[in-house]
Structure formats: C-alpha cells, structure tokens
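Below, read A as the first sequence line, B as the second, and so on, with proteins coming before strands; counting in each chain starts at 1.
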2 protein chains.
Amino acid sequence: MAKLPAEGTQARRFGKTRSAQSTALLEDYVELIADLLASAGEARPTDIARRLGVSHATAVKTVSRLKRAGLATARPYRGVFLTEKGQALADRVRVRHRIVVDLLCALGVPRESAEADAEGIEHHVSETTLKAFAHFLKVRV
Amino acid sequence: MAKLPAEGTQARRFGKTRSAQSTALLEDYVELIADLLASAGEARPTDIARRLGVSHATAVKTVSRLKRAGLATARPYRGVFLTEKGQALADRVRVRHRIVVDLLCALGVPRESAEADAEGIEHHVSETTLKAFAHFLKVRV
DNA sequence: CAGAAAGTGTAGCCTGGGCTACATATACCG
DNA sequence: CGGTATATGTAGCCCAGGCTACACTTTCTG
C-alpha cells in the first residue's frame with residue numbers, strides 16, 4: 001500500500017524468516033531435551049516424541065540432525081544429551097521464551113494463549129526486539 | 001522448568017505451530033499479490049519472486065498451490081489474481097501485520113527491526129493475542 | 001530367567017519449498 | 001515484421017520434516 005519497499009529489503013526479510021524457520025525446530029528440541037534432562041534426569045526419544053506430538057521415528061531422525069549440528073550427543077538405546085553448544089542454546093532459548101510469555105501476559109493475553117502463541121513467536125524475535133521486550137517489562141510492570 | 005505440563009498440552013501447541021508454518025507462506029504470497037495488484041495493477045510471477053527473494057520457478061510453483069487452495073487464479077502468461085477468499089485473507093493479514101508492527105514500535109523496537117520481526121511473528125499471533133495487542137495500542141499509546 | 005511389553009532404530013514413502021536448466025511464449029524494437 | 005530480450009512454465013533434483021511398518025534391544029515381571 002503505497003509502501004513500495006525497495007525490493008531488496010523485503011526479500012532480505014523473507015530470507016531471514018525462512019532461515020529462522022529451519023532453526024526453530026532445532027531450538028524446540030534443544031529446549032525440550034534440556035527440560036527433560038533437568039526434570040527427569042534423562043531424555044528418551046519416546047518422551048521427546050510424546051511431548052512434541054510426533055512419532056518416535058520423527059524424533060529420532062531430528063535428534064540425528066541435532067547431532068550433525070553439534071548440539072546433542074546420543075548413543076543407541078542410551079538417551080540424548082546436549083553438548084556445551086546445545087546447552088548454551090537451550091539457556092538462551094529458555095530466557096527468550098520466558099520474556100515472550102511474560103510480555104504477552106503483561107499485555108493482557110491470557111496465560112494459556114500466551115504460552116501457545118509464544119511457542120510460535122519466540123523463534124522470530126530478534127535480539128533487538130527481545131531487549132525492547134525486557135526493557136518494557138522492567139519499567140512497566 | 002519444573003513446569004512439567006501435561007504432555008498433551010505441549011503436543012497440541014507444537015502441532016498448532018507446525019500447521020501455522022504451512023499457512024505462513026501462503027499468507028505472505030496472498031499479502032504480496034494484493035499489494036502488487038493494488039500498486040501496479042498486476043501481479044506477475046517474476047515480480048513476486050523478486051520481492052520474496054526466490055527464483056521465479058519457486059514462485060510459480062507456490063502460486064499453483066494458492067490455486068489449489070482456492071486463494072488465487074492465474075492463466076498462463078496472464079498474471080495472478082486473488083479469489084474472494086484470497087482477498088479476504090489478504091485483508092485480514094494486512095490488518096494483523098499493521099497491528100504487530102505498531103505494537104513492536106510502541107514497545108520501543110526500532111521501525112526497521114519491527115518490520116523485519118513482524119514478518120516472522122505475525123503468522124503465530126492468535127485472534128486472542130491480536131485483540132490484546134489492539135487493545136493495548138488503543139488505551140496505551 | 002524366559003517371555004511379554006516397551007523402547008529404539010531403520011527403511012521407505014509423501015509433501016512442501018527451495019534450486020537449476022531448458023523450452024516456450026510474449027513483448028519490444030530496429 | 002523479424003529477431004532479441006524478457007517473462008513464463010516445466011522437469012527434475014535436493015533437503016527437511018512428517019508418517020507407517022518392521023526389526024531389534026532393553027527392561028520389566030511372573
């Protein structure tokens with residue numbers, strides 16, 4: 001609408017959105033694995049699959065992608081663990097998730113919706129935006 | 001942490017996020033096509049491709065998915081148009097996009113980042129959350 | 001401690017969304 | 001009006017991320 005952005009700008013944004021999507025899944029897995037390790041002491045493919053609502057085969061396949069990406073380690077029949085890099089990512093993701101949920105709640109979104117939407121939103125929140133969220137929460141709540 | 005959600009809840013959220021991703025692209029296309037039709041009078045596959053930063057072949061393929069989904073019509077070498085359904089979707093998407101961008105700006109996110117992040121975020125904002133955003137913008141700005 | 005149950009892994013299939021390469025259609029001009 | 005440049009469409013490839021089916025471990029239990 002009368003905006004007519006220089007075509008390169010929009011293209012760049014879309015590219016970024018696309019690549020964000022490819023890492024989103026890995027972030028979710030890493031976050032969940034960290035959670036399972038912390039709460040249950042182990043992260044088994046079946047647990048992961050159940051929590052994510054996918055088949056165990058899908059979970060196994062994705063875990064092998066995590067390994068390829070250097071985020072996790074796993075030995076057959078012995079559960080999944082995070083590498084340092086994976087753990088660091090999990091920490092970052094958890095912090096970001098909290099902030100997004102808190103922000104939505106602060107804006108009046110009911111807890112349940114906030115949790116659900118945050119799951120999708122969080123992967124697209126840049127550092128800059130995250131800082132703005134955190135700042136808003138600090139001064140405004 | 002220590003949350004241990006009933007496993008079904010989280011699974012449902014992830015499922016929703018996944019399906020949101022599959023419609024996200026179609027929403028982007030529809031929005032862009034509406035934009036091109038409004039500003040240039042026509043939407044050609046090559047323009048779409050350029051704006052989205054993909055090859056024209058990809059654009060053509062996706063347009064055919066839009067057709068299958070009943071959102072667009074296109075005749076060979078004659079450009080792309082939206083069906084009523086597609087136009088309605090475009091309108092909804094545009095409104096949502098505006099609200100998300102405005103909200104981010106209201107929270108102190110610089111315009112440039114707001115536009116970029118909104119591109120990814122908007123597809124995951126539920127009706128409920130969108131209403132909360134709109135309400136916040138009304139009372140608070 | 002053997003057999004059943006539960007978990008794990010592998011293979012093979014499908015769809016979406018990218019790409020390049022090539023062939024065809026349209027449009028623009030000398 | 002013919003030829004070049006641009007746009008369009010098609011084919012075929014790749015990878016991610018789902019799935020089911022099947023085979024094999026591990027664990028639990030009578």
Side-chain angles (χ1 to χ4, degrees), chain A residues 7 10-33 36 40-69 71-81 119-120 123, chain B residues 7 10-33 36 40-69 71-81 119-120 123:
Chain A
E7 69 193 26
Q10 194 173 10
R12 221 170 314 116
R13 277 179 207 148
F14 275 101
K16 225 159 50 165
T17 301
R18 272 198 305 274
S19 63
Q21 253 147 223
S22 77
T23 60
L25 228 221
L26 297 189
E27 290 182 350
D28 284 337
Y29 269 73
V30 160
E31 188 178 8
L32 175 54
I33 291 167
L36 287 170
E42 60 172 1
R44 293 141 75 225
T46 301
D47 298 334
I48 297 172
R50 199 145 40 207
R51 290 275 286 270
L52 258 37
V54 299
S55 73
H56 85 273
T58 299
V60 166
K61 205 194 269 192
T62 306
V63 165
S64 82
R65 273 180 61 221
L66 289 179
K67 288 200 281 185
R68 252 194 294 153
L71 296 169
T73 60
R75 294 200 331 285
Y77 299 93
R78 287 292 169 258
V80 183
F81 298 90
E119 210 64 70
H123 304 291
Chain B
E7 70 194 26
Q10 194 174 11
R12 221 170 313 116
R13 277 179 207 149
F14 273 101
K16 226 162 44 168
T17 301
R18 271 197 306 274
S19 64
Q21 253 146 219
S22 76
T23 59
L25 228 221
L26 298 189
E27 291 182 351
D28 285 337
Y29 269 74
V30 160
E31 189 179 9
L32 174 55
I33 291 167
L36 288 169
E42 60 173 1
R44 293 143 73 225
T46 300
D47 298 335
I48 298 173
R50 199 147 38 209
R51 289 276 286 269
L52 259 35
V54 299
S55 72
H56 83 274
T58 299
V60 167
K61 204 194 270 191
T62 305
V63 165
S64 82
R65 272 180 60 220
L66 289 179
K67 288 199 281 186
R68 253 193 293 151
L71 296 169
T73 59
R75 294 200 331 283
Y77 301 92
R78 286 293 169 258
V80 182
F81 298 90
E119 209 63 71
H123 304 291

What is the distance, to the nearest angstrom, from the [atom1] atom on [X] to the [atom2] atom on [N]?
X: Asp47(A); N: dG7(C); atom1: CG; atom2: P; value: 8 Å
X: Gln21(B); N: dG18(C); atom1: CD; atom2: C1'; value: 15 Å
X: Lys67(B); N: dT8(D); atom1: NZ; atom2: C1'; value: 12 Å
X: Ile48(A); N: dA6(C); atom1: CD1; atom2: P; value: 20 Å

Practice task
Give, for atom OG1 of Thr23(B) and atom CG of Asp28(B), the distance between the pair rounded to the nearest 0.5 Å.
Solution key: 9.5 Å
Problem - Atom pair OG1 (Thr17(A)) and CG (Leu25(B)), whose distance is rounded to the nearest 0.5 Å - result: 10.0 Å
Taking only nitrogen or oxygen atoms into account, show me every contact under 3.5 Å that the protein makes with nucleotides 9-16 of chain D, one pair per line with its distance.
unit_1: dG9(D); atom_1: OP1; unit_2: Tyr77(B); atom_2: N; d: 3.1
unit_1: dG9(D); atom_1: N7; unit_2: His56(B); atom_2: NE2; d: 2.9
unit_1: dG9(D); atom_1: O6; unit_2: His56(B); atom_2: NE2; d: 3.1

Completion exercise
Result for 5'-nearest mapping on DNA chain D, choosing between Ala43(B) and Thr62(A), is Ala43(B)
Problem - Side-chain heavy atoms of Ile33(B) within contact of Leu66(B), under 4.5 Å - result: yes
Handout entry: Minimum side-chain heavy-atom gap Arg50(A)-Asp47(A) below 4.5 Å
Key = yes
Completion exercise
Between Val80(A) and the options Leu36(A), Val60(A), Val63(A), Thr73(A), the side-chain contact (heavy atoms from CB on, under 4.5 Å) test singles out Val63(A)
Exercise for the section: Compare side-chain N and O positions of Thr46(B) against OP1 and OP2 of dT8(D) and report whether any pair is under 4.0 Å apart. Expected result: yes
Practice task
Compare side-chain N and O positions of Ser55(B) against OP1 and OP2 of dC19(C) and report whether any pair is under 4.0 Å apart.
Solution key: yes
Exercise for the section: Sequence neighbours left out, what passes salt bridge (Lys or Arg N to Asp or Glu O under 4.0 Å) with Glu31(B)? Give chain and number order. Expected result: none
